[in-house]
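Read the structure below first, then the notes.
Whatever order the structure lists them in is the order used to number ligands and atoms, beginning at 1. Throughout, residue positions are numbered sequentially from 1 according to the sequence presented.
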Amino acid sequence: MKHSGLRKPFVLSALCAAMFFPAASAWAVTDQEILNDVNTTHEIVTNGMGLQGQRYSTLDILNTDNIKDLRPVWAMSFGGEKQRGQQAQPMIKDGVMYVTASYSRVFAVDARTGKELWQYDARLPDDIRPCCDVINRGVALYGDLVIFGTLDAKLVALHKDTGKVVWRKSVADHKAGYSITAAPLVINGKLITGVSGGEFGVVGKIEAYDPKNGELLWSRPTVEGHMGYIYKDGKAVENGISGGEAGKTWPGDLWKTGGAAPWLGGLYDPETNLLLFGTGNPAPWNSHLRPGDNLYSSSRLALNPDDGTIKWHFQTTPHDGWDFDGVNEVVSFNYQEGGKTIQAAATADRNGFFYVLDRTNGKFIRGFPFVDKITWAKGLDKNGRPIFDDSNRPGAPGGETKGTSVFSAPAFLGAKNWMPMAYSQDTGLFYVPSNEWGMDIWNEEIAYKKGAAYLGAGFTIRPLNEDYIGVLRAIDPKTGKEVWRHKNYAPLWGGVMTTKGNLVFTGTPEGFLQAFNAKTGEKVWEFQTGSGVLGSPVTWEMDGEQYVSVLSGWGGAVPLWGGEVAKRVKDFNQGGMLWTFKLPKELVAKR
Ligand code: CA
């Protein structure tokens, strides 16, 4: 909390502080507040603007009629020489914004003025192994703590007033390839995190910690065959919880280095009391080394938050051979059909298919392509399992010789990558940031070596069209119909948000934060932020006015992995800025 610069006698100022800021409880973020975040507009205390991940705001002060007057009120630089991709979603609590930046940095910022209140820089070792840029996707808030995961696979809890470390805990060995880039999730007194590292043959896992002190509560590995454990006082309670049979969907010992990293973190559905996570590719990429479905890679998992038990799983790409990580967010939403309320969940996969599931049991309701070109599968069967086109699986290598190269679409960076979609409760549409690209992909021999890249594949990504790669799409989850689309030259890599003001926001690598009419797709506003926008925009209400904030800073996986596509974006400038917008006060007053 900031105090004014006016010097008062100590006793008096302490008394005032006690009166106006009664203890820490004034701030302390509670479980109830987190559960209710979806209904509150004055603060943002969850990643996803609500645990369900809809990224929908009921605010309509800002709308399609007045958005032409939306303008910046402040911008703040993350500074230093550390630029690269900025992919976080800001959190807002009591007029303070908490946000992460590249290289495991955290900032607290006065949301009214943009003044920096404190900055925390994690001291990272030289041998971190982030696969896809030194990014981070945001903090969790709980009690008086600001908690985030680092590139060397630690959880760090900072005091919200000072940025000082309250506790720090190692989640996994960064030398084996583990890192953390997702925002943690707090639910009913448990801090839940996933890990990254599927490109290094780690064993993915989802874990719960006590947010007050960092004590491990349970651990759930996400490769079939590994036991899960509940912990008490730092010790595993005997009789672990089975995670399926070792070697059943994996050959030999490959389950011991199977990947399936839940690197994008997860969401929570209060109605079913389920954690909803996605898991990454099986390791290695060369699928000929691991016949079988390779559970629970490239899947969606529903977990019991009390002990990490897997309640259901839905595998989008069994026996993945294209790096189609199934990490994408599982967004809870309800809809009416045949006079009944359907408790559904929607997810748009890297593999090009959009899935609607029954979130009470993981059963497939329907699925459909959400990009124009899919070559690896001919469609989905009645259970949502892909009907493979066997001629489009990259061939097996023969000793020194690499396997047959095939041209596959989507490319491994996905029809949709990490960037979250949004769901409007008004239009009933999902707003999906997608990309149209393909790749030449082939397999090579590979053996596991701790901490080394474990792919066994080579690739070159190629655009499918001259004039665009990115496509923001409005999709009806009840019919699969694309209601509108907006094309973008560069691949889209930023999160989406929608509001009751009939607006959809997202950013572009070209540097624009853009707004669209949610019903028609007409672009109604844009602002050049100076560098690529990869962050997830947020909106909130403060002093009777509606604010919008987003991070700007080009980087992420595309320039690192993008083949022909990287050439297309090589001249985009890096950055590291936090921008905040609102309407001029006099215009709002006239409403
Ligand atoms: Ca991957």
One pair to check against side-chain hydrogen bond (donor to acceptor under 3.5 Å, both in side chains): E329 and W418. What are the steps and the verdict? CA-CA 8 Å; E329 69 282 9; W418 82 275; over 6 Å; no
K205 and side-chain contact (heavy atoms from CB on, under 4.5 Å): which single residue from V223, V195, T193 fits? V195
With a 3.5 Å cut-off and no angle check, do the side chains of R55 and T498 form a donor-acceptor pair? no
Shell of protein N/O/S atoms around the Ca ion (ligand 1), taken as anything under 3.0 Å: E199 OE2, N281 OD1, D323 OD1, D325 OD1, D325 OD2
Just checking, is any N or O donor in the side chain of T508 or N488 under 3.5 Å from an acceptor N or O on the other one? no
Candidate list Q574, Q86, Q87, Q83, test side-chain hydrogen bond (donor to acceptor under 3.5 Å, both in side chains), partner S102, passing option: Q86
Apply side-chain hydrogen bond (donor to acceptor under 3.5 Å, both in side chains) to N294 and T249, showing your working. CA-CA 5 Å; N294 315 138; T249 59; 5.6 Å; no
